[in-house]
Chemist: 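One structure coming up, written as structure tokens, with questions to follow.
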Amino acid sequence: MDLQGELIEHPYSVYDRLRDTAPVCRITGTDGTPAWLVTRYDDVRAALADRRLSLDKSHAKEGGYRGLSLPPALDANLLNMDPPDHTRIRRLVSRAFTPRRTEQLRAPIRATAERLLDDLGPAGTADLVAAYAAPLPIIVICDLLGVPEDRRIDFRTWTDALITPDPSRPRAAKEAVSAMLGFFTELMAHKRNRPADDLLSDLIAVRDGADGADGADGADGADAVDAVDAVDAVDAVDGEGARDGDRLSEDELMSLAFLILFAGYENTVQLIGNAIHTLLEHPEEQARLRKDPSALPAAVEELARYEGPAPLALRRFPTEDITIAGVTVPAGETVLLSLSAANRDPARFPRPDLFDLDRDASGHLAFGHGIHYCLGAPLARAETEIALAALLERYPVLEAAGPAPRWRPSLRARGLLELPVRYDTGHSPN
């Protein structure tokens, strides 16, 4: 079944049909190879936590959908790993995304949001993807990693080539991968020669044998406790602890830096952009949040459920024949779990196509579930909440401008190519 075009243009109507008639169906993947698509909430949630569904591409049959093709130096990352390697590497990086660390980042995130809005001025029209939703997360994650300012725009261009391939430029994706590999090789060498107070320098210290596990990030005592709690939580879920002497290989270090930068901002760009778009389409809810900003944390959960940034979880490969919703999927074939379909399943969320600020959206799968639950979810939530708070506070007038915005022609990301808006502070300039 070839559903690519329909899933891009009319995803939710297709998901409605599939949940009712073919909750597990064989489709053509994004690269033309076959895959199995799972659409019901209970099935997707169970599959996300099923250890028989591996992320390791060595379990894939030849000729099936395997996802992005990356060189080994970028491919040895958490999105291609099962325990125990997944446990070991996630353990090493988890301290950067503890609740306390996220709270410490809230003030810098707000300051960045305010600067971007200052650049927009008191009134006018703008593309809020290019001017706000995209630069905010990349500034945050690049500051966290220690990526120089003059290289940040390059990365946005490269990831666009991977997420939304241009049919007229068939070599663009390979060129982007090559450019990213060169970029990270150069950046690693720079950080080794001139380490700084950033996450990448800390990871290099762990890789090269420095005492990075006990405060290389300059954490205070409370941070250390948070880091231990986060590691214990990961170990409890994974069921397999990492040995204290475990370190990153050079490929793992490079791949981890790539993953944090790529996933750490790309999904948040879509989440912020989609959230703004949803509020533009629901002016009463927009006004409600402007009046009561304390409702924003819960609103972010409903926004993530309603129009999440990732239509599909990362492809998985059964290590043995498995049965999902009465359908047997042979070992080694590709399984695609639809997060978007699960989050609009009326069996889990009544009236799912209604954006409802009073809904209990807990349990949504926008950030995944199980041991591969998004490590950066707390940061993505915080960035989205802060971005919306700053925007709604600054501009009492915020409405769509121009024609309907265009969605990315991609099954990898649910996001807007642009978001033209008219905005006004309501104050006359001095």
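Note: hydrogens, waters and symmetry copies are ignored here, and every other heavy atom, side chains too, is used.
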Chemist: Indicate the atoms forming the closest heavy-atom contact of Ile89 with Leu248, along with that distance.
Modeler: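 Heavy atoms only, the tightest pair is CG1-CD2, 3.9 Å.
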
Chemist: May I have the list of side-chain donor-acceptor pairs in residues 390-400 shorter than 3.5 Å, sequence neighbours left out?
Modeler:
residue, atom, partner, partner atom, Å
Glu393, OE1, Arg110, NH2, 3.1
Arg394, NH1, Asp118, OD1, 3.0
Arg394, NH2, Glu114, O, 3.4
Arg394, NH2, Glu114, OE1, 2.6
Arg394, NH2, Asp118, OD1, 3.0
Tyr395, OH, Leu117, O, 3.3
Tyr395, OH, Gly121, O, 2.7
Glu399, OE2, Arg422, NE, 2.7
Glu399, OE2, Arg422, NH2, 2.4

Chemist: Specify whether Tyr12 and Tyr15 have parallel, tilted or perpendicular ring planes, treating 30° as the upper limit for parallel and 60° as the lower limit for perpendicular.
Modeler: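 Taking Tyr15 first and then Tyr12, their aromatic rings stand perpendicular (interplane angle over 60°).
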
Chemist: What side-chain donor-acceptor pairs closer than 3.5 Å can you find for residues 277-284, not counting sequence neighbours?
Modeler:
residue, atom, partner, partner atom, Å
Thr278, OG1, Asn274, O, 2.9
His282, ND1, Thr278, O, 2.7

Chemist: Sub-3.5 Å donor-acceptor pair from the side chain of Ser201 to the main-chain atoms of Asp197, do we have one?
Modeler: no

Chemist: I'd like to know if Glu285 and Arg288 make a salt bridge, using a cut-off of under 4.0 Å between side-chain N and carboxylate O.
Modeler: no

Chemist: Any chance the side chains of Gln286 and Arg290 put a donor and an acceptor closer than 3.5 Å?
Modeler: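 Arg290 and Gln286 do have a side-chain donor-acceptor pair below 3.5 Å.
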
Chemist: Donor-acceptor check, side chain of Asn77 to backbone of Leu256, threshold 3.5 angstrom: yes or no?
Modeler: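 Answer holds: no.
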
Chemist: Check whether any side-chain heavy atom of Asp143 lies under 4.5 Å from a side-chain heavy atom of Pro108, and answer yes or no.
Modeler: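 Counting from C-beta outward, Asp143 and Pro108 never come under 4.5 Å.
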
Chemist: For Glu307, check salt bridge (charged side-chain N to carboxylate O under 4.0 Å, His left out) against everything at least two apart and list the hits.
Modeler: Arg414

Chemist: With a 3.5 Å distance limit and no angle check, can you tell me whether Thr21 reaches the backbone of Arg17 through a side-chain donor-acceptor pair?
Modeler: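 Confirmed, Thr21 side chain pairs with Arg17 backbone.
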
Chemist: Between Tyr132 and Ala387, is there a donor-acceptor pair closer than 3.5 Å when you use the side chain of the first and the backbone of the second?
Modeler: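 Such a contact is found between Tyr132 side chain and Ala387 backbone.
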
Chemist: So which of Leu55, Asp56, Val38 actually passes side-chain contact (heavy atoms from CB on, under 4.5 Å) with Arg316?
Modeler: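 Between Arg316 and the candidates, side-chain contact (heavy atoms from CB on, under 4.5 Å) is satisfied uniquely by Leu55.
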
Chemist: Would a 4.5 Å heavy-atom cut-off, applied to side chains only, mark Leu79 and Phe262 as touching?
Modeler: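 No. Closest side-chain heavy atoms not under 4.5 Å.
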
Chemist: Checking Asp82 against Ser54: is there a side-chain donor and acceptor pair closer than 3.5 Å?
Modeler: yes

Chemist: Salt bridge check, Asp16 against Arg344: does any charged N sit closer than 4.0 Å to a carboxylate O?
Modeler: no

Chemist: Is any side-chain heavy atom of Phe355 closer than 4.5 Å to a side-chain heavy atom of Leu303?
Modeler: yes

Chemist: Minimum heavy-atom separation for Pro318 and Val329, please, with both atom names.
Modeler: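 Reported closest heavy-atom pair: CG-CG1, 4.0 Å.
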
Chemist: With a 4.5 Å cut-off on side-chain heavy atoms, are Leu37 and Leu312 touching?
Modeler: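 The answer is yes; the side chains approach within 4.5 Å.
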
Chemist: Is it true that the NZ or CZ of Arg359 lies under 6.0 Å from the centre of Phe349's six-membered ring and within 45 degrees of the ring axis?
Modeler: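 Relative to the ring axis of Phe349, which defines the angle, Arg359 lies outside at least one limit.
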
Chemist: Are Phe184 and Leu200 close enough that some pair of their side-chain heavy atoms sits under 4.5 Å apart?
Modeler: no

Chemist: I want to check something: taking the side chain as every heavy atom from C-beta on, are Leu128 and Leu416 in contact at a cut-off of under 4.5 Å?
Modeler: no

Chemist: Assess whether a salt bridge exists between Asp50 and Arg52, defined as any Lys/Arg side-chain N lying under 4.0 Å from an Asp/Glu carboxylate O.
Modeler: yes

Chemist: Can Arg115 and Thr112 be counted as having a side-chain donor-acceptor contact under 3.5 angstrom?
Modeler: yes

